[in-house]
There are 2 protein chains.
Amino acid sequence: MNWQSITFDWNQARAFLVTAEEGTLSAAARALGLTQPTLSRQVAALEQALGVTLFERVAKSLVLTEAGLELVEHVRTMGDAASRVSLSASGQSQQIEGLVTISATDLMAAHVLPDILAELRQKAPGVEIRLLCTNSLSDLRRREADIAVRHVQPDHPDLYARKIREAPARIFGARSFVEGHGRKLTRADAPTLDFIGFDNNEELVVYLRAFGLDVSEANIRLSSPNGVVAWELVRQGFGLSIMADEIAARFPGIVPAFEDVDPITFPIWLVTHRELHTSRRIRTVFDHLAEGLLRVRPERRAR
Amino acid sequence: MNWQSITFDWNQARAFLVTAEEGTLSAAARALGLTQPTLSRQVAALEQALGVTLFERVAKSLVLTEAGLELVEHVRTMGDAASRVSLSASGQSQQIEGLVTISATDLMAAHVLPDILAELRQKAPGVEIRLLCTNSLSDLRRREADIAVRHVQPDHPDLYARKIREAPARIFGARSFVEGHGRKLTRADAPTLDFIGFDNNEELVVYLRAFGLDVSEANIRLSSPNGVVAWELVRQGFGLSIMADEIAARFPGIVPAFEDVDPITFPIWLVTHRELHTSRRIRTVFDHLAEGLLRVRPERRAR
DNA sequence: GCCAATTCATGCGTATATGTATATCACTCA
DNA sequence: TGAGTGATATACATATACGCATGAATTGGC
């Protein structure tokens, strides 16, 4: 191998890659946790080292030259390989200290995970946990999270998934809302009731119909993509919402809405990279989450 | 894209790659033009950053751990991409200043190229030339040279080749040697004469037989893989050798050996990377070499 | 069996690169 | 038109990383 040809500064190549992808030096600096002057100098130094003008300094932002356009392809290959280096290294790492990022819905993050993670803090004090609230499945494969708590079965072969259990869910509302009608609510009342929406109202209607409720999107007059906010609206009596029993049980003012509606169940999956599952740190957190999520059960038996 | 996962130091990755490939930190340092302590620290820092032990410090040299063995695969991909970055950048570079490495046989380098390159120095003062003497064809693809002067047609699709011309060659010897027999030499004398060998005597015998000479390896009692040295032996009257007319013509004491042996011809090819041919600097040198090599002709018409 | 030659790791002075602060410019919105 | 936002490039102080020198340890050769 001829090493002479790779003696240019690889960190400058990284600076170039991120700048090209992000579009501006400032954005690249933010993404890399460096400062804009540093990126500016690194890109300029790479241009000088390679003898190629990579960016056309036009007006506000930078635009790739033809040469830069061709070079960024190869640098992107470097970046992809670097990503695999990082992934594989995380998987190989046998040290327990360090950061683990967990992706979960905001409701899980706010109401279910804290207790479980508090125990983990005792068991593994060196582990630092970051809770990422997102409903996207791709954050694992984009390596924005190490472990994800999901409610659908992932099918990508790179992912390792374990089904924890099925969890019951039903429709809940504030006691004031549910009992404010002077009589027990039944599914026949559904068309006239307000429901709180989350992210996707269409999808929510489908779920509600699965309960046997005759509702449409017209029944959703208040919604928030933030689940914790939406749940707060429920608590304050603005409407009804589907909720996992075990979460609803944590709120004394919350009661099941309908007399005659059976709970449905949804799965809880724990997912990680196949490669990351060999890491001692990831494994520790994964196993603790699995055990903790299995143990969480509604504290009261409804009905 | 998630840039968080590639924020480890890429230069440390490069240090790891070269160290893994070269086997020792010292060799890697020499290859990269850095010092051994620097490589030592970079590798150690990468191990800490990734949380993985890459090398087992056993006795004298380093041995890759299992984790390191897996990681080096990905880092090698980075290196390959880096190599393409460098190659493409050289090709894209439109600046004329800089280094161009020319690979040629030592005889070409010593006796034909200097005059041509002296002219180039006038035409393009900013170009720095490094003459690499090697008979291997692969130095272009391994990117050890930018331009090669070759005598066989390259067939690799990545290479751009231009045939300059056919050049005549015949068998020469020192005047003292050739005329010392008291009569003109003919091909019938060949079996009793000494020939100076180069690199591969078997191959040389094949060439000599192509001249119609009945010789074997027994006729080669003195040889040197260094063509300039071998030629010096010819000049000092130790034996005969095949030589390009245009080179032999530069030496007054050298005469064609045989009355009745016709010259053969061999091709002169100029070769470069297909990508490098778009570089202004490479192009300048390539075109100048092509013109210069076409112009060089024997100063005397033999026979 | 010992000396020479390499190897890797560490301390120290210096050179390099980074961050902070600032200047300049372009675009947006009032 | 004029203030505000967000972009890049430069000046300066500082923190980081590098090279040199050295030491410890092992291998290979005579």
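A note on names: the letters A, B, ... follow the listed sequences, proteins ahead of strands, and every chain is numbered from 1.
Among C:dT20, D:dA7, D:dG19, the nucleotide with an atom closest to any side-chain atom of A:Thr24 is D:dA7.
Between the side chain of A:Thr77 and the main chain of A:Glu73, a donor-acceptor pair closer than 3.5 Å is present. Under the 3.5 Å distance criterion, the side-chain polar atoms of B:Arg280 are matched with a main-chain donor or acceptor of B:Gln94.
Considering only side-chain N and O atoms, A:Arg30 lies under 4.0 angstrom from the phosphate OP1 or OP2 of D:dA7. For B:Ser40, no side-chain nitrogen or oxygen approaches OP1 or OP2 of C:dC8 to under 4.0 Å. Distances shorter than 4.0 Å separate none of the side-chain N or O atoms of B:Thr35 from OP1 or OP2 on D:dC18.
Taking atom CD of residue B:Gln42 and atom P of nucleotide D:dA17, one finds them 9 Å apart after rounding to whole Å. Atom CD in A:Gln48 sits about 14 Å away from atom P in D:dA9, given to the nearest Å. Protein atom CZ of A:Arg14 is 13 Å distant from nucleotide atom C1' of C:dA17, rounded to whole Å. In this structure, A:Leu62 atom CG and C:dC27 atom P are separated by 14 Å, rounded to whole Å. Separating the CG atom of A:Leu34 from the P atom of C:dT20 is a distance of 11 Å, rounded to the nearest angstrom. What separates CZ of B:Phe55 from C1' of C:dA9 is a distance of 15 Å, to the nearest Å. Between the CD atom of A:Glu22 and the C1' atom of D:dG6 there is a distance of 15 Å, given to the nearest Å. Per the geometry, CD belonging to B:Glu56 stands 14 Å off C1' belonging to C:dC8, to the nearest Å.
Salt-bridge annotation for A:Asp158 and A:Arg274: absent, with no side-chain N of the basic residue lying under 4.0 Å from a carboxylate O of the acidic one.
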Step by step, would you call B:Leu132 with B:Glu144 a side chain to side chain contact (heavy atoms under 4.5 Å, CB included)? CA-CA 8 Å; B:Leu132 189 69; B:Glu144 286 163 5; 4.2 Å; yes

Kindly indicate, with the supporting measurements, whether the criterion side chain to side chain contact (heavy atoms under 4.5 Å, CB included) is fulfilled by A:Val271 and A:Leu140. CA-CA 8 Å; A:Val271 194; A:Leu140 272 182; 3.4 Å; yes

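When the nearest nucleotides of DNA chain C are assigned to B:Leu25 and B:Arg41 by heavy-atom distance, the more 5′-ward of the two goes with B:Leu25.
Evaluation of atom-type donor-acceptor distances gives no pair under 3.5 Å for the side chain of A:Gln36 against the base of D:dA7.
Axis deviation across the helix from C:dG1-D:dC30 to C:dA30-D:dT1 amounts to 30°, comparing end segments of five pairs, rounded to 10 degrees.
Side chain to side chain, A:Thr38 and A:Thr35 meet the donor-acceptor criterion of an N or O pair below 3.5 Å.
In this pair, A:Phe286 and A:His277 present their aromatic rings perpendicular. The plane angle is above 60°, beyond the 30 to 60° band.
Among the atoms of the strands shown, base atoms are found under 4.0 Å from some heavy atom of A:Ser26.
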